[in-house]
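Okay, structure first, notes after.
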Amino acid sequence: MDQPVSSRDGAQNRTSIERKGDRELLVTRTFDAPPSIVFKAWSQAELFRRWWMPKSVTGVSLVSCELDVRTGGKYRLEFGTGGPETMSFYGKYLEVVPNERIVWTNDEGEEGAITTVTFEDQGGKTLLTFHEAYPSEQALAEALQGSAAGLPEQMDQLDELLSSLD
Amino acid sequence: MVQHAHASLDLSFSALSDATRRGIIDRLGQGQASITVLADRFGMTLTGMKKHVQVLEQAGFVVTQKVGRVRTCRLGQRGLEAEAAWIEAHRKLFEDRFDALDEIISELKEEAGHGSAG
């Protein structure tokens with residue numbers, strides 16, 4: 001039933017994405033460091049904010065980032081899009097096992113996902129899995145529409161703009 | 001327009017999330033077939049097969065035509081370009097994100113190696 005949709009092999013540790021069933025998304029990648037280090041980069045706000053919003057996503061930046069990574073703790077991320085308004089993402093950590101797993105809620109809307117990240121030791125390397133489970137198929141579609149699915153559209157708009165400048 | 005595009009992606013991902021429906025597309029890739037033939041092929045009732053075909057038809061993967069009492073199914077014109085673009089955009093986001101994480105992890109690893117962090 002699972003639907004493997006994308007993966008890349010190569011000398012390096014590439015990212016694979018699977019859309020599992022109708023409501024779940026699974027992303028995996030191996031990092032060349034033990035889980036304690038990967039966990040640190042994921043759980044300390046000053047480190048996390050340096051990688052969560054990639055530079056390739058133009059026009060959106062992470063303006064504030066508060067993480068209290070422990071069971072029952074909360075997080076809040078605010079993204080700016082150039083104007084005075086920001087988009088906020090927040091929720092709480094349902095379960096945190098240092099160097100092993102982090103589970104959190106996304107509480108911005110009624111139908112937020114439960115996200116689980118696990119860090120698995122594989123002989124000094126870390127197999128990282130990022131798993132999002134949405135309460136409904138529609139919720140997954142809408143969430144993706146708000147994040148990555150918006151990208152091709154943004155790129156198209158940028159493309160149009162650039163070609164109009166020629 | 002944009003909402004329409006997303007609704008259409010929902011339909012197609014949902015249509016393709018079922019193994020039988022993917023099997024039907026494979027089968028129709030070899031040539032058209034009636035609902036009866038498809039039902040036999042997948043060991044299903046006619047009603048069950050009709051439902052699957054209907055989902056594929058709504059997503060644009062299959063076109064059906066009724067001639068007399070027989071409903072014939074064939075592949076629609078719709079390809080998977082939009083789905084591929086959707087997946088690629090999502091993969092790119094995570095790939096870029098994890099590339100950045102990779103860099104930070106290298107720094108941390110180096111620090112740990114020098115015995116100054118742990």
Side-chain angles (χ1 to χ4, degrees), chain A residues 1-8 12-23 25 27-34 36-42 44 46-57 124 126 128 130 137-138 140-142 144-145 147-156, chain B residues 1-26 52 55 58-59 61 80-118:
Chain A
M1 290 295 278
D2 295 345
Q3 186 189 358
V5 291
S6 176
S7 70
R8 264 195 187 178
Q12 285 191 305
N13 310 315
R14 296 298 82 177
T15 304
S16 97
I17 294 198
E18 244 181 280
R19 181 156 164 159
K20 288 172 77 77
D22 291 335
R23 302 186 293 110
L25 194 72
V27 187
T28 55
R29 173 142 162 183
T30 302
F31 292 91
D32 189 14
S36 58
I37 285 183
V38 186
F39 180 83
K40 188 176 173 184
W42 201 294
Q44 293 189 359
E46 68 272 24
L47 296 171
F48 180 89
R49 66 180 304 156
R50 287 172 55 199
W51 63 268
W52 184 252
M53 207 62 215
K55 292 183 193 77
S56 64
V57 181
T126 300
L128 184 139
F130 178 92
E137 188 182 341
Q138 183 62 21
L140 170 62
E142 279 175 15
L144 296 175
Q145 180 175 337
S147 59
L151 289 175
E153 202 183 301
Q154 285 177 349
M155 294 304 137
D156 286 350
Chain B
M1 179 60 201
V2 170
Q3 270 168 352
H4 173 74
H6 290 303
S8 147
L9 279 186
D10 286 356
L11 274 178
S12 52
F13 276 122
S14 169
L16 295 174
S17 69
D18 183 277
T20 301
R21 292 199 286 266
R22 292 198 296 273
I24 294 168
I25 291 179
D26 282 346
H52 279 309
V55 173
Q58 279 167 358
F61 294 122
L80 285 166
E81 296 81 8
E83 288 71 21
W86 181 94
I87 288 157
E88 179 53 23
H90 213 69
R91 194 194 59 75
K92 175 93 169 65
L93 173 70
F94 274 96
E95 181 107 309
D96 290 353
R97 185 176 270 174
F98 286 166
D99 280 347
L101 174 58
D102 220 8
E103 277 178 35
I104 288 156
I105 286 169
S106 298
E107 285 176 30
L108 293 176
K109 213 172 124 182
E110 201 161 308
E111 282 174 27
H114 292 306
S116 58

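Proteins get letters first, then strands, A, B, ... in listed order; numbering begins at 1 in each.
For B/Glu103, no part lies under 4.5 angstrom from a heavy atom of chain A. Neither the backbone nor the side chain of A/Phe48 comes within contact range of chain B; no heavy atoms are under 4.5 Å apart. With a threshold of 4.5 angstrom between heavy atoms, A/Val38 approaches chain B through its backbone and through its side chain.
Two residues are said to be in side-chain contact when any heavy atoms from C-beta on lie closer than 4.5 Å; B/Val55 and B/Asp18 fail this criterion.
Using a cut-off of 4.0 Å between Lys/Arg side-chain N and Asp/Glu carboxylate O, A/Arg29 and B/Asp99 are scored as salt-bridged.
In this structure, B/Phe98 and A/Trp51 have tilted ring planes: the angle between them lies in the 30° to 60° band.
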Handout entry: Step-by-step side-chain contact (heavy atoms from CB on, under 4.5 Å) determination, A/Trp42 to B/Leu101
Key = CA-CA 8 Å; A/Trp42 201 294; B/Leu101 174 58; 4.2 Å; yes
